[in-house]
Amino acid sequence: MMKFLKITAAIVILLLICYFGFFKYRQIQANKISIPTSATALLKINVDELYKTIAISYIKHPNQYTGGDKKGIKDKIEDLKTGLKIPANIYMYTLAEKAKTTFFSSFEITDTLAFNRFIEKNTFLPLMKKELGFFQSKDSTISILFNKSNAVLAFSPQKEQVKTVLTEILNKKNMVKIGESKFNNLINITDHLVFQDSNNLCKISFTDGKISFSNEFTNKWIEPALQPKHRVLNPESTVSMWLNGKYKSDVSKNNQPPNTSIFSKYNFSKFYKDYLDFEWTNTITQVDTVVGYEYNDDFERVEKKILQDKKIPAISINMSANDQEVSNYLKSLGALDKSTGKISRTIIPLYQTYFKGTEGNIQLSTLPNIKPDLNKISSEDFFYFKIDFKKLLKQMPMPLIAENLSNFSQLEIKAKSTGKDKIKLESELLFSNQDANALIQLLKTFKNGINSQIKFNLPIDIPVRK
């Protein structure tokens with residue numbers, strides 16, 4: 001028995017070594033790919049990590065991926081015969097001489113005949129043969145140039161002329177290996193999607209029930225507080241947000257067009273004093289006066305006012321500002337009723353809003369009697385945002401988008417300063433279904449929601465249970 005266990009353990013260890021060795025070898029080979037020296041941005045798709053993550057999800061939750069796919073095995077195999085070698089990492093890049101939205105990528109061809117059949121018979125995105133080895137979509141946004149060993153692809157929403165660049169890439173003119181380029185730090189990043197340009201380093205990963213996103217970027221519009229603080233908001237709120245930092249205003253104080261809104265670009269930069277928060281706690285009933293008309297006994301058209309209950313969000317906005325200055329500004333516009341604190345409906349037309357100003361803080365709220373707690377606690381983050389989709393749909397029914405939003409549970413975003421003019425933003429999008437992989441769920445949402453609304457025809461079935 002002991003001998004059997006030792007042999008089994010040895011086989012398992014050997015299989016694991018082969019498994020990880022295989023993927024390590026694929027990563028090494030993928031990182032030998034060359035890109036043009038003029039590349040300005042690089043998108044890395046970590047194919048192997050995506051495969052492994054989704055495969056583990058299939059093993060853990062097989063019941064989440066059953067049904068819905070009516071294609072036979074033979075058809076599936078035929079669909080996969082692209083004639084291309086899919087590397088461990090797919091790299092897409094932009095070039096200095098082309099638009100920032102034009103992306104290029106190259107692939108190794110393993111079967112020229114299969115590749116020819118694939119691009120000629122692809123009904124999802126029909127390509128027309130322009131000349132030998134060069135195909136293009138009808139709208140010129142997709143271009144493919146290939147020879148016997150390699151294919152180069154260009155995606156250009158602006159419909160640029162890309163044939164010359166494709167030829168240069170295919171002939172490996174002015175190329176550099178990724179490991180020797182300015183993007184060499186992307187090699188060891190294991191996130192599923194990574195994007196880098198001169199100002200950004202973005203990472204995205206798809207796990208069961210969650211999409212994780214981070215972005216380190218150059219900050220040109222806000223100066224975060226050195227020691228951020230925020231009011232304690234209700235953790236059960238439908239939506240909550242705070243911002244603690246100085247606004248780097250580019251608004252000239254001269255020749256500004258008049259705007260009565262407190263949150264217009266000019267007025268915001270004028271009144272804002274380093275802190276703002278927003279909170280939507282629940283839904284309340286507000287009584288509105290609706291003006292109608294009817295005819296009296298003399299057949300004269302007379303005005304009639306009717307009181308009507310209206311369900312609205314319980315919203316509070318607090319902002320550090322010179323409260324007396326803001327109060328005087330609103331009074332000068334005739335927009336503030338001093339006795340009741342009501343803001344004129346001509347300024348904020350959707351809901352009846354109330355103004356309070358105290359101790360360097362102003363509050364705008366749909367709740368007439370709420371008093372803000374101005375005590376603050378420390379935080380590493382200078383910005384925070386959270387939305388609870390389940391509560392949002394209960395409090396504000398939105399039939400047109402409810403089916404798609406119901407797939408999501410919560411979105412949370414945080415941002416912190418990482419150095420002079422540098423910000424790191426991190427966010428998590430949680431799905432209602434915590435068992436199925438987030439990428440598969442996202443594709444299903446797109447296919448069943450957006451795809452059906454704008455009449456796309458995705459050639460895939462995504463069998464994920466809700």
Side-chain angles (χ1 to χ4, degrees), residues 221-249 251 253 256 259-284 286 312-387 413-417:
W221 54 275
I222 196 164
E223 182 181 335
L226 294 176
Q227 297 178 329
K229 293 184 177 182
H230 65 90
R231 292 193 319 113
V232 179
L233 304 182
N234 188 340
E236 302 300 318
S237 293
T238 303
V239 181
S240 55
M241 181 277 291
W242 76 71
L243 170 67
N244 187 195
K246 294 180 180 179
Y247 177 64
K248 294 182 179 179
S249 175
V251 180
K253 293 186 178 181
Q256 285 294 320
N259 193 317
T260 57
S261 172
I262 300 174
F263 295 103
S264 68
K265 193 173 184 181
Y266 172 64
N267 287 333
F268 180 78
S269 62
K270 177 182 176 182
F271 295 128
Y272 173 73
K273 304 294 182 185
D274 308 347
Y275 181 80
L276 171 73
D277 68 46
F278 171 93
E279 189 170 27
W280 173 355
T281 51
N282 49 42
T283 301
I284 60 172
Q286 195 172 83
I312 68 166
I315 292 174
S316 292
I317 301 173
N318 285 275
M319 186 172 83
S320 294
N322 185 321
D323 52 286
Q324 191 59 53
E325 186 176 297
V326 177
S327 177
N328 291 339
Y329 171 73
L330 292 173
K331 290 174 185 175
S332 69
L333 298 174
L336 175 63
D337 185 327
K338 188 177 180 181
S339 61
T340 62
K342 289 183 178 180
I343 299 289
S344 171
R345 296 295 285 267
T346 59
I347 303 297
I348 305 178
L350 290 178
Y351 314 121
Q352 180 57 68
T353 308
Y354 298 86
F355 172 85
K356 284 187 178 67
T358 178
E359 300 177 17
N361 181 82
I362 65 166
Q363 181 187 75
L364 298 175
S365 179
T366 56
L367 300 165
N369 300 315
I370 188 171
K371 294 182 179 179
D373 180 358
L374 301 182
N375 293 322
K376 295 177 182 177
I377 59 174
S378 298
S379 173
E380 292 184 357
D381 308 307
F382 74 90
F383 173 80
Y384 178 84
F385 174 85
K386 186 187 80 169
I387 179 169
I413 304 173
K414 301 177 182 179
K416 66 176 68 175
S417 174

Next on the checklist: Show, in sequence, the C-alpha distance, side-chain angles and deciding distance for Lys414 and Phe383, and conclude whether the side chain to side chain contact (heavy atoms under 4.5 Å, CB included) test is met.
Outcome noted: CA-CA 6 Å; Lys414 301 177 182 179; Phe383 173 80; over 6 Å; no
Checklist entry - Is it true that the side chains of Tyr272 and Asp274 contain a donor and an acceptor less than 3.5 Å apart? => result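 No, because no side-chain N or O of Tyr272 sits under 3.5 Å from a partner of the opposite role on Asp274.
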Checklist entry - Can you tell me if Ser237 and Glu279 form a side-chain donor-acceptor pair at under 3.5 Å? => result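 Yes, because at least one side-chain N or O of Ser237 sits under 3.5 Å from a partner of the opposite role on Glu279.
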Item to check | Between NZ on residue Lys342 and OH on residue Tyr354, distance to nearest 0.5 Å | outcome: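 That separation rounds to 4.5 Å.
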So [Y] and [X], do their side chains get closer than 4.5 Å, heavy atoms only?
{"X": "Leu276", "Y": "Met241", "answer": "yes"}
{"X": "Lys371", "Y": "Gln363", "answer": "no"}
{"X": "Asp323", "Y": "Glu359", "answer": "no"}
{"X": "Ile343", "Y": "Leu336", "answer": "yes"}
{"X": "Leu243", "Y": "Ile222", "answer": "yes"}

Item to check | Where Lys386 and Pro235 come nearest, the two heavy atoms and their spacing | outcome: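 Distance-wise, the nearest heavy atoms are NZ-O, 2.7 Å.
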Next on the checklist: Can you confirm whether more than 12 heavy atoms, excluding those of Ile377, are under 6.0 Å from its CD1 atom?
Outcome noted: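 Counting other residues, nucleotides and ligands, CD1 of Ile377 exceeds 12 neighbours.
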Checklist entry - Quick check: are there more than 12 heavy atoms from other residues, nucleotides or ligands sitting under 6.0 Å from NZ of Lys331? => result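 Enclosed: over 12 neighbouring heavy atoms sit under 6.0 Å from NZ of Lys331.
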Checklist entry - Once the angle between the rings of Tyr329 and Phe271 is folded into 0 to 90°, is it parallel (under 30°), tilted (30 to 60°) or perpendicular (over 60°)? => result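 Plane angle between 30° and 60°, so tilted.
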